[in-house]
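Hydrogens, waters and symmetry mates play no part in the numbers below; they use all other heavy atoms, side chains included.
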Amino acid sequence: MNTEKTNPEYFIGCVWEDFSAISYEGDRITAIAIFHPGFETKKGNFVVGIGGFTLAYRDTDHHVRAVGLSIDSVTISGETVYVKISATMHDDGGHYADLTRSKVNVSLFAFPKDTNLSAYGRLATLACVQSFSASYGDCSHHVFLIQVKAGTYAVSDGIATISDTSKHIGTGVAKYEYFDFPAIFSEDIIKSEFGFIWSFAVVGTETDHHVQTFSVNAGHKFELSDKHANRANIGSCSVSSNVII
């Protein structure tokens, strides 16, 4: 009798979504990313991650008091998956990330709901950030570094940091999702264009400055720019994505 298992059906995809899809909720901008994997899935058989994002003020640059992004909810309706994302970048003067200039790249890796993933032998674990937030606290400042460091697997959360060159440092928390799946698919995740960011660091050039656009992409593209000539120091920036632990 042939007992060999065939590889299970799966879906991996990403979508760039403008935050203008919805509106502001307090100081946060929100959006919905919609996926059609072609089958019904369930909790435990999928993971959602962030492949990149851009947060930008509307017309000019400003200080930053707080910055953050989060996957707020995932709703499954038949063969459609809805992912709600929210983000913020704001100062003390009532300036907020602009809906029309900000966007997010959301990735989905999913298996059908009737697939027993543990039945396929050795599992790999994909680690991906689900949210991060960092704030200076009571006052806004220039920015030189925005960074997310992963915590210890299954032990602690990660750390998000924002800082300038005048010893103002704001910290916060980064939350993670760890998804176990058949190890046979590790190569597909690592080689694919669909990013699941794990950690990043976006660094300015010689000094801190106002910010107009802050951007991170799993394809190693970064931006930390103002309306003048200040930009991210690409050689000092980094991003880790599609990390299998």
Side-chain angles (χ1 to χ4, degrees), residues 14 16 49-57 61-71 85-91 97 102-107 126-137 140-153 155-178 189-190 193-226 228-245:
C14 66
W16 277 102
I50 301 298
F53 60 87
T54 296
L55 299 176
Y57 290 124
D61 52 26
H62 299 285
H63 286 87
V64 175
R65 176 177 175 179
V67 62
L69 184 145
S70 68
I71 297 171
I85 311 100
S86 67
T88 188
M89 184 172 72
H90 65 88
D91 65 3
S102 302
K103 59 183 179 179
V104 61
N105 178 264
V106 186
S107 298
L126 175 66
C128 45
V129 68
Q130 298 291 286
S131 68
F132 72 89
S133 62
S135 172
Y136 283 120
S140 56
H141 297 284
H142 283 181
V143 177
F144 180 71
L145 168 70
I146 301 176
Q147 183 176 33
V148 166
K149 288 185 175 181
T152 303
Y153 172 50
V155 175
S156 62
D157 294 328
I159 298 173
T161 304
I162 184 172
S163 61
D164 62 13
T165 55
S166 300
K167 298 184 179 180
H168 299 111
I169 301 174
T171 59
V173 175
K175 298 283 188 178
Y176 284 81
E177 181 82 7
Y178 300 96
I189 295 297
I190 293 172
E193 297 178 0
F194 312 116
F196 294 84
I197 288 177
W198 186 53
S199 62
F200 65 82
V202 182
V203 187
T205 48
E206 296 181 355
T207 188
D208 54 29
H209 52 78
H210 284 186
V211 174
Q212 182 165 13
T213 303
F214 164 48
S215 180
V216 178
N217 189 287
H220 294 266
K221 297 179 181 179
F222 311 95
E223 189 167 357
L224 188 66
S225 60
D226 61 10
H228 302 291
N230 295 301
R231 298 289 183 269
N233 184 344
I234 302 303
S236 298
C237 297
S238 63
V239 61
S240 296
S241 62
N242 301 347
V243 173
I244 307 299
I245 61 175

### Query
So do the side chains of Asp226 and Arg231 get within less than 4.5 Å of each other, counting heavy atoms only?
yes
### Query
Within the side chain of Tyr176, is there an N or O that forms a donor-acceptor pair under 3.5 Å with the backbone of Tyr153?
no
### Query
Mind checking whether Phe144 and Thr207 have side chains closer than 4.5 Å, heavy atoms only?
no
### Query
In terms of the angle between their ring planes, are Tyr136 and His141 parallel, tilted or perpendicular, with boundaries placed at 30° and 60°?
perpendicular
### Query
In Å and rounded to the nearest 0.5 Å, what is the CD1 to OG1 distance from Ile169 to Thr171?
8.5 Å
### Message
To the nearest 0.5 Å, what is the distance between NE2 on His62 and NE2 on His90?
### Response
13.0 Å
### Task
Please work out whether the ring planes of Phe53 and Phe132 are parallel, tilted or perpendicular, with thresholds of 30° and 60°.
tilted
### Task
Provide the full list of salt bridge (charged side-chain N to carboxylate O under 4.0 Å, His left out) pairs with a residue in residues 156-175, sequence neighbours left out, each pair given once.
Asp157-Lys175
### Message
Checking Gln130 now: which residues fulfil side chain to side chain donor-acceptor pair (under 3.5 Å) with it, not counting sequence neighbours?
### Response
none
### Task
Would you sort out whether Val211 and Leu224 count as a side-chain contact (heavy atoms from CB on, under 4.5 Å), showing the intermediate values?
CA-CA 6 Å; Val211 174; Leu224 188 66; 3.9 Å; yes
### Message
Restricting to non-hydrogen atoms, name the atom on Ser102 and the atom on Ala97 that form the minimum distance, rounded to 0.1 Å.
### Response
OG-CB, 3.9 Å
### Message
Looking at every heavy atom in both Ile159 and Thr161, which two are closest together, and how far apart are they?
### Response
CG2-OG1, 3.9 Å
### Message
Walk me through whether His209 and Asn230 qualify under side-chain hydrogen bond (donor to acceptor under 3.5 Å, both in side chains).
### Response
CA-CA 7 Å; His209 52 78; Asn230 295 301; 4.7 Å; no
### Task
Give a yes or no on whether the backbone of Gly52 and the side-chain of Asn217 come within a donor-acceptor separation of less than 3.5 Å.
no
### Query
So, for Ser215 and Val202, which heavy atoms are closest and what is the spacing to 0.1 Å?
O-CG2, 4.2 Å
Table please: side-chain donor-acceptor pairs of residues 233-245 below 3.5 Å, with sequence neighbours left out.
unit_1	atom_1	unit_2	atom_2	d
Asn233	OD1	Gly235	N	3.3
Asn233	ND2	Ser236	OG	3.3
Asn242	OD1	Phe196	N	2.9
Asn242	ND2	Ile189	O	2.9

### Task
Please report the shortest heavy-atom distance between Arg65 and Gly137, naming the atom on each side.
NE-O, 2.6 Å
### Task
Quick one: closest heavy-atom pair of Ala150 and Ser199, and the distance?
N-CB, 4.3 Å
### Message
Side chains of Asp91 and Tyr57, heavy atoms from C-beta outward: is any pair under 4.5 Å?
### Response
yes
### Query
For Ala134 and Gly170, which heavy atoms make the closest approach, and how far apart are they?
CB-O, 4.3 Å
### Message
Could you measure the distance from the CD1 atom of Ile50 to the OG atom of Ser107? Nearest 0.5 Å is fine.
### Response
7.5 Å
### CE-OG1 distance between Met89 and Thr54, expressed to the nearest 0.5 angstrom
10.0 Å
#### Entry: Residue pair Glu177 / Ile71, side-chain heavy-atom distance below 4.5 Å
no
